[in-house]
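Values below: all heavy atoms of this structure, side chains included; hydrogens, waters and symmetry mates excluded. Sequential numbering from 1 along the given sequence is applied to the chain's residues.
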Amino acid sequence: MPKAVVLLSGGLDSTTTLAQAREDGCEVTALSFRYGQRHTRELQSAKDVCEFYGVSHVVIDIDLTSFRSALTRKDIDVPMDRPGDLAEEIPVTYVPARNIVFLSVAAGLAESIDADRIYIGANVVDYSGYPDCRPDFFKAYEEMLAKGTKAGVEGHPVKICTPIMNSSKADIVRLGKKLGAPLHLSWSCYNGGEKACGHCDSCRLRLEGFRQAGYKDEIPYADDVIQ
């Protein structure tokens, strides 16, 4: 059975990606980060998803609060009801080099447990315009791993798997439902609290994905949000 490290934020995309890794026959180790993000609600979701599947869950503490982002700095507001195409410009919720940092740790963990692949729920169809969620970035990163890791120089570099890269949010919801992923345990809102705000980019993309897929999102939303 192949081993895989799955980057798990606790969100819709990463939860579906973990379900796909299991469907692919992998023995999964989930990897999450406590990086000084705006809230830790998503980490509870990641924990719940791992318990649902009975998979190993590694949580790494790394302080990115000095990085300029609305997700790591309370003095920068999370955009709400942002007009226009959400992928037209890179928003303030972008955390500089976050996927570079996270993938580096994931590669180290993969080598340590003899995993030959890393799964990440990156997407370029319905997303917020982040530069580190694009195919050319992952291609370049794989090339770097081939040259800068023990596994790579020995001829069996760790592969980066992006199974939902070209899927719309509706397609991701449909795939998650098909695979029996616990989407009701996932959390996508950039804001903390008991209920998702429904107005940040992440909530809006998620809600529209569920609408287009023909499903009701089962997580709680603020009272003013109509599903």
Side-chain angles (χ1 to χ4, degrees), residues 2 4-26 28 30-32 42 45-46 48-50 52-53 55 81-82 84-91 93-94 98-99 102-103 106 117-139 141-142 159-190 196-221 225-227:
V5 172
V6 178
L7 286 167
L8 182 68
S9 69
L12 169 66
D13 293 355
S14 65
T15 297
T16 301
T17 297
L18 191 154
Q20 184 61 63
R22 286 175 54 84
E23 179 69 12
D24 293 343
C26 295
V28 167
L31 175 61
S32 303
E42 60 186 3
S45 286
D48 293 343
V49 169
C50 289
F52 177 89
Y53 281 115
V55 301
D81 298 315
R82 191 157 64 99
D85 184 349
L86 298 185
E88 282 185 351
E89 60 182 33
I90 299 172
T93 50
Y94 163 68
R98 181 175 62 178
N99 277 352
F102 287 2
L103 284 169
R117 62 198 73 180
I118 298 166
Y119 280 76
I120 183 171
N123 177 265
V124 294
V125 179
D126 290 333
Y127 77 126
S128 295
Y130 298 158
D132 53 0
C133 289
R134 301 172 183 175
D136 54 349
F137 165 74
F138 293 106
K139 179 181 178 183
Y141 209 91
E142 273 194 333
K159 179 182 179 183
I160 299 177
C161 303
T162 55
I164 61 170
M165 175 64 72
N166 297 303
S167 301
S168 68
K169 268 292 187 285
D171 290 336
I172 295 167
V173 171
R174 294 187 191 103
L175 177 61
K177 291 289 187 180
K178 177 184 176 182
L179 296 175
L183 303 185
H184 63 289
L185 298 178
S186 65
W187 184 266
S188 302
C189 183
Y190 288 147
C197 74
H199 298 281
C200 67
D201 290 358
S202 190
C203 278
R204 291 171 62 201
L205 290 168
R206 176 179 175 128
L207 282 166
E208 186 60 25
F210 272 90
R211 289 191 191 105
Q212 291 181 5
Y215 292 97
K216 183 180 185 298
D217 193 353
E218 296 178 52
I219 72 167
Y221 280 90
V225 177
I226 300 174
Q227 292 198 61

Enter the distance from E42:CD to T15:OG1 here, rounded to the nearest 0.5 Å.
10.5 Å
Could you tell me the separation between the SG atom of C50 and the CG atom of L18, rounded to the nearest 0.5 Å?
6.5 Å
Looking at L207, is its backbone amide N or carbonyl O close enough to the side chain of D217 to form a donor-acceptor pair, meaning the two atoms are under 3.5 Å apart?
no
CG of L185 to CG of L12, rounded to nearest 0.5 Å, is 12.0 Å
Among residues at least two apart in sequence or on other chains, which ones pass salt bridge (charged side-chain N to carboxylate O under 4.0 Å, His left out) with K159?
none
Are the side chains of Q20 and L179 in touch, meaning some heavy atoms are under 4.5 Å apart?
yes
Working to the nearest 0.5 angstrom, can you tell me the gap between L103 CG and L7 CG?
5.5 Å
For residues 14-26, which residue pairs pass the salt bridge (Lys or Arg N to Asp or Glu O under 4.0 Å) check, not counting sequence neighbours?
none
Given S9, which partner from the list S32, S14, S186, S188 fulfils the side chain to side chain donor-acceptor pair (under 3.5 Å) test?
S14
Only counting residues at least two apart or in another chain, list the ones meeting side-chain hydrogen bond (donor to acceptor under 3.5 Å, both in side chains) with N99.
none
About how many Å separate NZ of K177 and CZ of F210, when rounded to the nearest 0.5 Å?
6.0 Å
Over all heavy atoms of both residues, which pair between A196 and W187 is shortest? Give the atoms and the distance, please.
N-CH2, 3.2 Å
Test side-chain hydrogen bond (donor to acceptor under 3.5 Å, both in side chains) applied to T17 - qualifying residues, sequence neighbours left out:
none
Residues E208, R211: salt bridge by 4.0 Å N-O rule
yes
Donor-acceptor contact present, side-chain D132 to main-chain F137, <3.5 Å
no
Can you measure from OG (S168) to CD (Q212) and round to the nearest 0.5 angstrom?
6.5 Å
Residues that Y53 engages under side-chain hydrogen bond (donor to acceptor under 3.5 Å, both in side chains), provided they are two or more places apart
none
Looking at F52 and P182, what are the two nearest heavy atoms and their distance?
CD2-CG, 3.6 Å
Stepwise, does the side chain to side chain contact (heavy atoms under 4.5 Å, CB included) test hold for I120 with F138?
CA-CA 10 Å; I120 183 171; F138 293 106; 3.8 Å; yes
Between D13 and K169, is a side chain to side chain contact (heavy atoms under 4.5 Å, CB included) present by the stated rule, with each step listed?
CA-CA 8 Å; D13 293 355; K169 268 292 187 285; 3.0 Å; yes
Measure across A21 and V28 and return the closest heavy-atom pair with its distance rounded to 0.1 Å.
CB-CG2, 3.9 Å
Can you see which heavy atom on C189 is nearest to which on C197, and at what distance?
SG-N, 3.3 Å
Non-hydrogen side-chain atoms of V49 and V55 separated by less than 4.5 Å
no
Using the salt bridge (charged side-chain N to carboxylate O under 4.0 Å, His left out) criterion, which residues pair with D171? Sequence neighbours excluded.
R174
